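For reference, the structure discussed in these notes is given below.
Owing to the predicted nature of the structure, the values given are computational and were not obtained by experimental measurement.
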Amino acid sequence: MLSPKRTKYRKQFRRWKNRDATRCNTLAFGDYGLMSLDTMWVSNRQIEAARIAMTRHIKRGGKVWIRLFPDKPYTKKPAETRMGKGKGNPEYWVATVQRGMILFEIHGVTKELAESAIRLAGNKLPIRSKFVMRRGLEQTHA
């Protein structure tokens with residue numbers, strides 16, 4: 001699972017930035033990618049499930065980049081606990097995803113294979129997403 005090796009603080013505020021992404025919003029490494037259409041938190045287990053689905057579909061060919069990292073701890077109080085007495089303990093890690101962020105990138109496979117692999121990965125995530133490709137590739141694959 002993806003998680004930070006160490007953090008400055010054990011618990012963070014649950015800040016919410018419901019706006020468009022200003023960084024990580026263009027393809028930087030691969031030719032094809034998965035772009036988010038919503039703002040949401042994505043857990044480390046969901047990221048790992050999407051990565052496994054994508055790499056198994058392309059039969060470990062090509063190269064895959066994960067462009068998001070879960071660096072925010074998600075805290076939760078135990079079940080049947082009364083209100084108060086502080087914040088709960090960290091349960092898992094989440095990545096904050098904004099609209100327009102590129103989540104995964106693929107290089108070295110055909111367009112059809114990349115599109116089906118990225119759609120599989122998008123089905124594992126709790127957000128709406130779409131398949132994107134590098135600007136110069138539309139003419140070569142059309």
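- Few gaps surround NZ on Lys87; more than 12 heavy atoms of other groups in view lie less than 6.0 Å from it.
- Ile106 and Leu113 fall within the same hydrophobic cluster, where Ile, Leu, Val, Met, Phe, Trp and Tyr residues are linked whenever their side-chain heavy atoms come under 4.5 Å apart, directly or through other members.
- Of the charged side-chain nitrogens involved, none lies within less than 4.0 Å of a carboxylate oxygen, so that Glu48 and Arg45 do not count as a salt-bridged pair.
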- Under the side-chain contact (heavy atoms from CB on, under 4.5 Å) rule, what do Met35 and Leu27 come out as? Steps first, then yes or no, please. CA-CA 9 Å; Met35 178 185 277; Leu27 289 171; over 6 Å; no
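- Of the candidates Asn25, Asp20, Asp38, Asp20 is the only one forming a side chain to side chain donor-acceptor pair (under 3.5 Å) with Arg99.
- Counting non-hydrogen atoms of neighbouring residues, nucleotides and ligands closer than 6.0 angstrom, the CZ atom of Arg56 reaches no more than 12 such neighbours.
- Ile47 is connected to Ile127 through a chain of hydrophobic side-chain contacts under 4.5 Å among Ile, Leu, Val, Met, Phe, Trp and Tyr, so both are in one cluster.
- Of the candidates Lys111, Lys63, Arg134, Arg134 is the only one forming a salt bridge (Lys or Arg N to Asp or Glu O under 4.0 Å) with Asp31.
- Hydrophobic clustering (side-chain heavy atoms under 4.5 Å, transitive across Ile, Leu, Val, Met, Phe, Trp, Tyr) groups Leu2 together with Met40.
- Here the side chains of Pro73 and Trp93 are in contact, with some heavy-atom distance below 4.5 Å.
- Clustering ILVMFWY residues whenever any of their side-chain heavy atoms sit less than 4.5 angstrom apart, transitively, puts Leu103 in the very cluster that holds Met54.
- Once rounded to the nearest 0.5 Å, the distance linking CG of Asp71 with OG1 of Thr96 reads 7.0 Å.
- You'll find the side chain of Val97 stays beyond 4.5 Å of the side chain of Leu125, heavy atoms only.
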- Run the side-chain contact (heavy atoms from CB on, under 4.5 Å) check on Ile58 and Val64 step by step: do they pass? CA-CA 10 Å; Ile58 60 174; Val64 174; 3.8 Å; yes
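- Residues Arg67 and Leu34 have side chains not in contact (no heavy-atom distance under 4.5 Å, counting atoms from C-beta outward).
- Residues Gln46 and Val94 have side chains not in contact (no heavy-atom distance under 4.5 Å, counting atoms from C-beta outward).
- Taking the six-membered ring for Trp and thresholds of 30 and 60 degrees, Tyr32 and Phe131 have nearly parallel ring planes, at less than 30 degrees apart.
- Considering only heavy atoms from C-beta on, Ile66 comes within 4.5 Å of Phe104 through its side chain.
- Applying the 6.0 Å contact sphere to NZ of Lys77 captures more than 12 heavy atoms from other residues, nucleotides or ligands.
- Open room surrounds NE2 on His107; 12 or fewer heavy atoms of other groups in view lie less than 6.0 Å from it.
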